[in-house]
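What follows is one structure encoded as structure tokens, with my remarks underneath.
These numbers come from a predicted model, not from an experiment. Each ligand, and each atom within it, is numbered from 1 in the order the structure gives. Scope of the values below: all heavy atoms of this structure, side chains included, with no hydrogens, waters or symmetry mates.
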Amino acid sequence: MRRLNRARITGTGSYLPERRLTNDDISKMVDTTDEWIRTRTGVCERRLAAEDELTSDLATHAARNAMEAAGVTAQQVDLVLVATTTPDMIFPSTASIVQKKLGANLSQGPAFDLQAVCSGFIYALSVADQFIATGAAKCALVIGAETFTRILDWTDRNTCVLFGDGAGAVVLQPEPEGSERGILSTHLHADGDYVDLLKVPTGVSNNLKGGVNAAQAGEPPPPRQILGYTEMRGNEVFKKAVMGLGQLVDETLAANGLEKSDLDWLVPHQANMRIIKSTAKRLKMGLENVVVTVDRHGNTSAASVPLALDEAVRDGRIQPGHLVLMEAFGGGFTWGSALVRW
Ligand code: COA
């Protein structure tokens with residue numbers, strides 16, 4: 001790709017729903033304890049979207065925050081990308097809905113969703129980076145937003161303790177020529193051999209009871225509501241995540257001719273504290289240089305990296321000139337990283 005511009009994150013934003021669900025709350029629903037959840041995952045509490053709050057609402061709040069931080073108006077936004085596993089509807093895309101809610105539809109730039117589960121934000125950042133690099137977009141809004149608790153089986157202790165709701169967003173704009181700041185590289189991977197280890201198996205085209213055949217057989221239409229829940233083989237996911245992320249951080253640094261010691265911050269996907277610690281160890285980084293939110297947010301899937309990023313930018317930990325490594329791993333499997341000179 002011929003790169004005309006380097007893309008820089010000029011603003012970050014996030015949004016968390018108000019309602020908190022603690023481990024003790026969950027231990028009243030399934031056979032688990034606060035002690036088990038804390039020691040195995042690092043999660044203490046997570047947020048739950050209100051009944052009338054949709055993924056697009058969370059996304060819109062986070063996006064407004066990021067636009068305000070970047071000092072851009074909705075009319076300037078010429079690309080809206082929403083990474084989500086929990087769209088408002090099958091179609092139109094959540095990005096189209098967010099574009100309308102923001103008033104960014106006035107620019108008539110493209111808006112679309114991207115599905116890479118927990119790696120979705122890194123995937124979307126990489127796509128937006130390439131729009132900016134080629135000059136196809138001048139002001140991109142990249143959002144990770146989830147109402148993940150709606151695809152959890154609240155009787156399954158293997159999964160319901162892990163996840164939460166939330167949204168994070170960034171604005172990407174071209175950096176003036178010669179600047180050292182911005183996205184240095186992104187690295188994306190997927191291996192479809194592992195689709196069955198982490199999934200919500202209900203969908204659209206595998207909804208075989210629907211369609212013309214049922215109608216021709218004179219059968220009643222299937223229920224309108226399609227409900228599916230997350231199924232996971234946690235232990236196997238854990239092992240693949242640790243291995244994949246370890247290799248990924250090495251690949252990212254090597255591609256830029258940088259050393260582990262050059263990094264200022266690791267902003268990891270917040271799935272499990274033990275996975276985060278293992279990546280930090282591989283990078284020889286102390287936890288004081290790792291942005292951790294898993295204790296308060298749980299795993300918010302595509303929202304987890306931008307939520308953590310926004311927290312560390314707003315509280316002043318991440319400063320101009322710092323070298324920041326973001327990474328994520330998720331269903332598919334998918335995994336990816338982005339290296340940024342802040
Ligand atoms: N409370 C109490 N016990 C629980 C439990 C819970 N919430 N969830 C599972 N257990 C039990 C299991 O039933 C099992 O019991 P058994 O030995 O009697 O069969 C035991 O704990 C061990 O289960 P296991 O799955 O081997 O535990 P683990 O140490 O691997 O921890 C996870 C489970 C889910 C925390 C861990 O595998 C994990 O984090 N995996 C990665 C998940 C992830 O990150 N997914 C998203 C990727 S983006």
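Residue contacts with ligand 1 for Asn235 involve both N, CA, C or O and side-chain atoms from C-beta outward (heavy atoms, distance under 4.0 Å).
Proximity of atom 30 (O) of ligand 1 to the protein is indicated by at least one non-hydrogen atom lying closer than 4.0 angstrom. At a distance under 4.0 Å, a protein heavy atom can be found next to atom 26 (O) of ligand 1. Taking a distance limit of 4.0 Å, we find that atom 14 (C) of ligand 1 is approached by no protein heavy atom. When distances from atom 46 (C) of ligand 1 to the protein are checked, a heavy atom turns up under 4.0 Å. Checking atom 19 (O) of ligand 1 against the protein gives no heavy-atom contact under 4.0 Å.
Side-chain atoms of Thr84 and Asp113 include no donor-acceptor pair closer than 3.5 Å. Checking Asp25 against Thr22 by side-chain atom types alone, a donor-acceptor pair falls below 3.5 Å. Under the 3.5 Å distance criterion, with hydrogens and angles disregarded, a donor-acceptor pair is assigned to the side chains of Thr147 and Thr55. Donor-acceptor pairing under 3.5 Å is lacking for the side chains of Glu146 and Thr300. With 3.5 Å as the limit, one finds no donor-acceptor pair spanning the side chains of Asp129 and Thr186. Gln76 and Thr73 form a side-chain donor-acceptor contact under 3.5 Å, judged by distance and modelled atom types alone. With hydrogens and angles left out, the side-chain atoms of Ser337 and His187 include no donor and acceptor closer than 3.5 Å. Thr159 and Thr230 are not linked by any side-chain donor-acceptor pair at a separation below 3.5 angstrom, with hydrogens and angles left out of the test.
Close approach of ligand 1 to Phe329 (heavy-atom distance below 4.0 Å) involves ligand atoms 48 (S). When each atom of ligand 1 is checked for a heavy atom of Val237 under 4.0 Å away, the hits are 45 (N), 47 (C). Interface of Asn299 with ligand 1, defined as ligand atoms under 4.0 Å from a residue heavy atom, comprises 46 (C), 48 (S). For ligand 1, the atoms sitting less than 4.0 Å from at least one non-hydrogen atom of Ala271 are 44 (O), numbered in the order shown with element in parentheses. Atom numbering of ligand 1 starts at 1 in the shown order; those under 4.0 Å from a heavy atom of Arg274 are 29 (O), 31 (O). Interface of Asn158 with ligand 1, defined as ligand atoms under 4.0 Å from a residue heavy atom, comprises 8 (N), 9 (C). Here is the list of ligand 1 atoms found below 4.0 Å of a heavy atom in Cys118: 48 (S). Within the listing of ligand 1, atoms 7 (N) sit less than 4.0 angstrom from a heavy atom of Val161.
Under a hydrophobic-cluster definition in which Ile, Leu, Val, Met, Phe, Trp and Tyr are linked whenever side-chain heavy atoms come within less than 4.5 Å, directly or via other members, Leu125 and Leu323 are assigned to different clusters. Note on Phe329: it does not cluster hydrophobically with Val305, by side-chain heavy-atom contacts below 4.5 Å among ILVMFWY residues.
Where the criterion is an N or O separation shorter than 3.5 Å, residue side chain and backbone included, His269 fails it with respect to ligand 1. The shortest N/O to N/O separation between Arg157 and ligand 1 falls below 3.5 Å. Distances between N or O atoms of Thr41 and those of ligand 1 include no value under 3.5 Å. The distance criterion of under 3.5 Å between nitrogen or oxygen atoms is met by Thr32 with respect to ligand 1. Ligand 1 has a nitrogen or oxygen under 3.5 angstrom from a nitrogen or oxygen of Gly234.
Residue-ligand proximity: Ile37 is placed with every non-hydrogen atom at 4.0 Å or more from ligand 1.
Regarding atom 34 (C) of ligand 1, its nearest protein heavy-atom neighbour is Met232 CE, 3.9 Å. Distance from atom 10 (N) of ligand 1 to its nearest protein heavy atom, with residue and atom name: Trp36 CZ2, 3.4 Å. Looking at atom 22 (C) of ligand 1, its nearest protein heavy atom turns out to be Arg40 NH1, 3.8 Å.
Residues Cys160 and Ile26 approach most closely at O-CD1, 3.8 Å, considering heavy atoms.
Each of Val324, Val292, Leu307 was scored for a side-chain contact (heavy atoms from CB on, under 4.5 Å) with Val267, with one residue passing: Val324.
The pair Arg296-Glu311 counts as a salt bridge, with a side-chain nitrogen and a carboxylate oxygen less than 4.0 angstrom apart.
Here the shortest heavy-atom distance to atom 39 (O) of ligand 1, taken over Asn272, Asp34, Val294, Val30, belongs to Asn272.
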Q.
Between Leu258 and Leu339, is the side chain to side chain contact (heavy atoms under 4.5 Å, CB included) condition met? List the steps.
A. CA-CA 10 Å; Leu258 291 164; Leu339 190 67; 3.6 Å; yes
